[in-house]
Amino acid sequence: MVKRYKLFPSEEKLKTAIPLGTKKMLRIGERRICVFHHESGYKVFDNLCPHSGHSLLEGQINAFNEIVCPLHGYRFSLLDGRECEMRTQDLQLHKLEVSEGGAFLLLID
Ligand code: FES
């Protein structure tokens with residue numbers, strides 16, 4: 001099931017809050033979501049690493065566009081959330097949609 005949440009009232013506000021090359025954690029109810037602003041667009045994942053629950057917001061992006069979890073070094077594609085060596089679950093990639101009405105998160109349950 002997908003739920004739609006308005007995150008920002010405009011694209012400009014989104015870009016100001018999360019400039020290119022940065023990341024931010026947002027709270028949606030009880031859930032914590034990481035938004036990465038990458039050159040390929042906004043990439044949105046749940047904050048917890050599926051391996052053992054560490055915060056992915058603290059991870060670094062390597063030269064291969066992978067999020068590297070700081071706890072055990074598992075790597076997840078920033079482009080689609082795939083775990084690079086199939087050692088644990090992939091990350092769920094959520095969509096961020098920008099329209100005249102604002103920036104909306106399409107959150108998959
Ligand atoms: S908690 Fe992320 S790799 Fe182990």
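Remember, it's 1-based here, ligands and their atoms both numbered in the order they're listed.
Taking the side chain as every heavy atom from C-beta outward, Ile33 and Leu107 approach each other to under 4.5 Å.
Grouping the Ile, Leu, Val, Met, Phe, Trp and Tyr side chains by contacts below 4.5 angstrom, directly or via other members, places Leu96 apart from Phe45. Cluster membership for Val44 and Leu91, using ILVMFWY side-chain heavy atoms within less than 4.5 angstrom, is not shared.
Counting non-hydrogen atoms of neighbouring residues, nucleotides and ligands closer than 6.0 angstrom, the CD atom of Gln92 exceeds 12 such neighbours.
Looking at Arg75 and Glu83, no side-chain N of the basic residue comes within less than 4.0 Å of a carboxylate O on the acidic one, giving no salt bridge.
With Tyr42 as the fixed residue, the side chain to side chain donor-acceptor pair (under 3.5 Å) test singles out one of Lys23, His94, Glu97, His37: His37.
Shown here are the protein N/O/S atoms lying under 2.8 Å from atom 4 (Fe) of ligand 1, water excluded: His51 ND1, His72 ND1.
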